[in-house]
Amino acid sequence: MSETLRRIGILVPAGDPVVEADFHRYLPPGLTFHTARLFQSETSKVATRENLDRLSGSAPETAKLVSL
């Protein structure tokens with residue numbers, strides 16, 4: 001009997017370089033995870049209200065990408 005894999009989608013800020021390794025390390029058997037990067041330009045890495053709004057504003061389109 002083959003085991004059905006379950007998928008987890010993760011939206012990650014573009015500037016976070018380690019989340020994939022962290023999730024992979026602790027992932028239980030039977031689960032796969034898939035990441036998509038949220039928009040973040042070099043000038044938008046400072047946590048201002050405008051930059052956080054832009055980052056969260058890219059979430060719906062990024063979620064569509066990770067769901068494919």
Side-chain angles (χ1 to χ4, degrees):
M1 177 183 193
S2 68
E3 183 177 321
T4 301
L5 291 177
R6 303 270 186 212
R7 295 173 44 125
I8 296 174
I10 304 168
L11 306 182
V12 183
D16 185 343
V18 297
V19 73
E20 288 92 341
D22 289 343
F23 270 88
H24 182 71
R25 185 176 300 123
Y26 300 109
L27 199 65
L31 285 175
T32 62
F33 75 95
H34 308 269
T35 59
R37 298 285 173 170
L38 294 164
F39 173 78
Q40 192 174 20
S41 70
E42 283 299 316
T43 59
S44 69
K45 291 183 179 178
V46 177
T48 65
R49 179 67 183 188
E50 180 182 84
N51 290 340
L52 293 174
D53 285 345
R54 187 177 301 125
L55 184 73
S56 64
S58 69
E61 188 62 31
T62 306
K64 288 178 189 176
L65 294 173
V66 80
S67 70
L68 300 176

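For clarity, every value in this text was computed on a predicted model and none was experimentally measured.
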#### Entry: Matching residue for S58 among D53, L11, L38 - test: side-chain contact (heavy atoms from CB on, under 4.5 Å)
L38

### Between CD1 on residue I8 and OG1 on residue T32, distance to nearest 0.5 Å
8.0 Å

### Summary
dist T62:OG1 -> I10:CD1 (nearest 0.5 Å) comes out at 13.5 Å

#### Entry: Within-4.5 Å side-chain heavy-atom neighbours: L52 and R49
no

### Query
Do L65 and F23 share a hydrophobic cluster (ILVMFWY, side-chain heavy atoms under 4.5 Å, transitive)?
no

### Query
Looking at T35 and E20, what are the two nearest heavy atoms and their distance?
OG1-OE2, 3.2 Å

### Message
For the backbone of F33 and the side chain of R7, can you confirm whether one donor and one acceptor N or O come within less than 3.5 Å of each other?
### Response
no

